[in-house]
**Student:** 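Sending over a structure as structure tokens; questions will come in a sec.
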Protein chains: 2
Amino acid sequence: MKRIADSTVRRLSAYLRFLEDFETRGLSTISSEELANRGGTTSAQVRKDLSFFGSFGKRGLGYSVPELAGRLREILGLGKEWRVVIVGAGKIGAALAQYRGFRHRGFNILAAYDNNPDKIGRKLEGIPVRDIEQLERDIQRDKPDIVVLTVPGDEAQDVVDRVVKAGVKAILNFAPAQLHAPVDVAIKTVNMAMELEGLSFALTNRE
Amino acid sequence: MKRIADSTVRRLSAYLRFLEDFETRGLSTISSEELANRGGTTSAQVRKDLSFFGSFGKRGLGYSVPELAGRLREILGLGKEWRVVIVGAGKIGAALAQYRGFRHRGFNILAAYDNNPDKIGRKLEGIPVRDIEQLERDIQRDKPDIVVLTVPGDEAQDVVDRVVKAGVKAILNFAPAQLHAPVDVAIKTVNMAMELEGLSFALTNRE
DNA sequence: CGGGGCTTGTGAATTCATTCACAAGTTAAA
DNA sequence: TTTAACTTGTGAATGAATTCACAAGCCCCG
């Protein structure tokens with residue numbers, strides 16, 4: 001299968017969200033043009049994105065909303081339930097733990113881990129906080145698919161090394177650090193500082 | 001001035017972080033090669049990125065760490081203090097309010113806004129929470145440069161319209177929504193659902 | 001049943017981003 | 001002073017992503 005660009009996958013995500021919106025409003029078909037307007041892109045882009053995976057539309061008519069939504073869920077792998085653990089039970093960890101979007105999309109948070117004895121044994125938004133010492137053992141037992149990293153930047157690489165060694169293949173990183181891992185491990189980094197500096201740059205260099 | 005790609009600006013941010021690291025370790029020069037290794041890119045990429053803004057290095061020697069750091073701060077607009085307000089005093093707002101990276105980089109959080117009477121008048125990590133009703137009035141008085149949006153998805157566009165009308169030119173959005181604003185308003189969106197679905201896709205479509 | 005009005009799917013063209021490759025400049029050592 | 005070892009800065013080449021543009025298919029109306 002041809003390699004799919006990151007930007008394409010992000011747009012597919014966006015399309016799915018719009019389709020779900022249309023679905024609840026009971027609309028049955030949608031054109032690439034409407035999908036594009038909604039997402040700030042072009043109709044050609046929408047059709048090209050979808051064309052990597054098959055042809056789901058009807059010429060002259062557009063796409064069936066429920067069918068396309070289903071196809072996108074399938075493509076994005078949202079059919080099954082993903083097992084998630086959070087490492088780092090601080091403020092960001094707490095914010096993520098209560099985020100409804102997780103469960104809604106089939107992401108099931110099993111546990112959180114921390115090294116602070118005051119937090120271990122308590123609950124974070126209903127999720128048990130465990131000792132980070134048992135991280136490897138628990139990973140081997142619970143087989144989480146995704147690790148969400150919300151530890152300080154200078155501890156992040158260490159945790160990555162540990163969870164990768166224990167068999168984890170996907171990491172969502174909120175630590176402000178450049179992480180290194182084998183190619184078969186998918187890492188997405190969300191870096192607030194970078195986004196802010198992007199805004200700072202935009203404000204500074206406006207023509 | 002030639003348009004600078006978003007990806008370039010993000011890398012400049014990363015370079016600056018590495019340089020600060022080198023700075024505290026007392027190193028005085030660095031080559032594009034070392035900078036590249038650290039950030040998972042190539043030396044040619046580093047040099048090309050910097051070349052858009054001038055030539056800061058010495059052939060045969062590399063870059064002066066403090067000088068290049070200074071230049072990057074200047075380019076990214078980190079010399080001045082940016083005034084920030086947070087709209088939405090929920091968990092994510094709280095996590096951001098306590099995030100040290102903000103103040104460290106010159107982002108000064110003035111206030112948070114919410115529509116929940118239980119929150120209004122209290123403090124969020126030391127930052128006053130005000131009634132969202134006074135948002136326009138306060139924006140006109142305090143002239144914040146950046147609005148951080150942490151309201152629910154279906155309220156986000158409404159807040160954008162309000163703050164844009166009041167004169168705000170930069171928005172950092174954490175709501176899962178596609179926002180629309182005039183071209184002279186810079187918007188960066190951080191969408192957790194999208195990142196997670198990117199991981200889900202990667203786990204599903206591994207060759 | 002035929003024509004007009006839409007809309008898809010996709011090669012080709014274009015635009016944008018990254019990598020290559022090398023002349024030119026710098027340092028240090030002999 | 002000459003030479004060897006480095007490293008930058010940058011056009012040119014390559015590669016990737018987006019946009020164009022249009023044939024082909026579908027629906028509806030008369």
Side-chain angles (χ1 to χ4, degrees), chain A residues 1-15 18-19 22 27-69 71-72 75 178 194 198 201 205 207, chain B residues 1-15 18-19 22 27-72 75 178 183 194 198 201:
Chain A
M1 186 202 212
K2 198 184 167 305
R3 193 182 165 278
I4 302 298
D6 228 65
S7 48
T8 298
V9 178
R10 302 177 72 83
R11 282 192 300 267
L12 294 178
S13 254
Y15 303 155
F18 305 146
L19 286 168
F22 276 97
L27 295 159
S28 64
T29 63
I30 188 174
S31 68
S32 56
E33 185 65 37
E34 294 171 277
L35 219 33
N37 288 341
R38 197 69 187 289
T41 177
T42 67
S43 63
Q45 180 79 80
V46 172
R47 297 198 299 277
K48 181 66 83 179
D49 286 340
L50 296 176
S51 77
F52 295 131
F53 303 95
S55 58
F56 310 128
K58 271 209 169 56
R59 289 165 195 237
L61 190 60
Y63 301 88
S64 151
V65 171
E67 191 206 319
L68 185 55
R71 293 308 197 88
L72 286 179
I75 291 165
Q178 177 69 38
M194 235 175 226
F201 177 83
N205 307 61
E207 49 276 73
Chain B
M1 187 202 207
K2 199 184 166 305
R3 192 181 166 280
I4 302 297
D6 228 65
S7 48
T8 298
V9 178
R10 300 177 73 83
R11 283 192 299 267
L12 293 179
S13 255
Y15 302 155
F18 304 147
L19 285 168
F22 276 96
L27 295 160
S28 64
T29 62
I30 188 173
S31 68
S32 57
E33 187 63 38
E34 294 170 279
L35 219 33
N37 288 341
R38 196 72 188 287
T41 178
T42 67
S43 63
Q45 180 78 81
V46 172
R47 296 198 300 276
K48 181 65 84 180
D49 286 340
L50 296 176
S51 77
F52 295 131
F53 302 96
S55 58
F56 311 128
K58 269 209 170 55
R59 290 165 195 236
L61 189 60
Y63 301 88
S64 150
V65 171
E67 192 206 319
L68 185 55
R71 291 311 195 88
L72 287 179
I75 291 164
Q178 177 68 40
V183 281
M194 232 175 228
F201 177 84

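First the proteins, then the strands, lettered A, B, ... as listed; each starts at 1. No experiment lies behind these values; they were computed from the predicted model shown. No hydrogens, no waters, no symmetry mates; every other heavy atom, side chains included, goes into these values.
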**Student:** For dT19(D), does either OP1 or OP2 sit under 4.0 Å from a side-chain N or O belonging to T42(A)?
**Tutor:** yes

**Student:** Is there side-chain contact between L19(A) and Y63(A), with heavy atoms separated by less than 4.5 Å?
**Tutor:** no

**Student:** Do L12(B) and L50(B) touch side chain to side chain, with heavy atoms closer than 4.5 Å?
**Tutor:** yes

**Student:** State whether Y63(B) places a side-chain N or O below 4.0 Å from either non-bridging phosphate oxygen (OP1 or OP2) of dG9(D).
**Tutor:** yes

**Student:** Write down the distance between CG (D49(B)) and P (dC16(C)), rounded to a whole number of angstrom.
**Tutor:** 17 Å

**Student:** With the side chain counted from C-beta on, respond yes when F201(A) and I4(B) share a heavy-atom pair under 4.5 Å apart, and no when they do not.
**Tutor:** yes

**Student:** Give the rounded distance in Å between these two atoms: CG of D6(B) and P of dA17(C).
**Tutor:** 9 Å

**Student:** In whole Å, I'd like the distance from the CD atom of E33(A) to the P atom of dC20(D).
**Tutor:** 12 Å

**Student:** Can a side chain N or O of S32(B) be found less than 4.0 Å away from OP1 or OP2 on dT7(D)?
**Tutor:** no

**Student:** Tell me the interatomic distance from F56(B), atom CZ, to dT7(D), atom C1', rounded to whole angstroms.
**Tutor:** 17 Å

**Student:** Measure the distance from CD1 on I30(B) to C1' on dC6(D) and round it to the nearest whole Å.
**Tutor:** 15 Å

**Student:** With nearest nucleotides of DNA chain D determined for G54(B) and E34(B) from heavy-atom distances, which residue corresponds to the more 5′ nucleotide?
**Tutor:** E34(B)

**Student:** Quick one: F53(B) CZ to dT10(D) P, roughly how many Å, whole number?
**Tutor:** 14 Å

**Student:** With the side chain counted from C-beta on, respond yes when R47(A) and S51(A) share a heavy-atom pair under 4.5 Å apart, and no when they do not.
**Tutor:** no

**Student:** Any side-chain heavy-atom pair from T41(A) and D49(A) closer than 4.5 angstrom?
**Tutor:** no

**Student:** For the side chain of K58(B), counting heavy atoms from C-beta on, which of dT18(C), dT8(C), dT27(C) is nearest?
**Tutor:** dT27(C)

**Student:** S51(A) or G60(A): which one's nearest nucleotide on DNA chain C is closer to the 5' end?
**Tutor:** G60(A)

**Student:** Mind calculating the distance between CG (L61(B)) and P (dA5(D)) to the nearest angstrom?
**Tutor:** 18 Å

**Student:** Which nucleotide, dT7(C), dT7(D), dC20(D), lies nearest any side-chain atom of R59(A)?
**Tutor:** dT7(C)

**Student:** Hey, does the side chain of R47(A) come within less than 4.0 Å of dT19(D)'s phosphate (OP1/OP2), counting only N and O?
**Tutor:** no

**Student:** From dT19(C), dT10(C), dC22(C), pick the nucleotide closest to the side chain of K48(A)?
**Tutor:** dT10(C)

**Student:** To the nearest Å, give me how far apart CZ (R3(A)) and C1' (dG15(D)) are.
**Tutor:** 13 Å

**Student:** Would you indicate, yes or no, if dA17(D) has its OP1 or OP2 atom less than 4.0 angstrom from a side-chain nitrogen or oxygen of Q45(A)?
**Tutor:** no

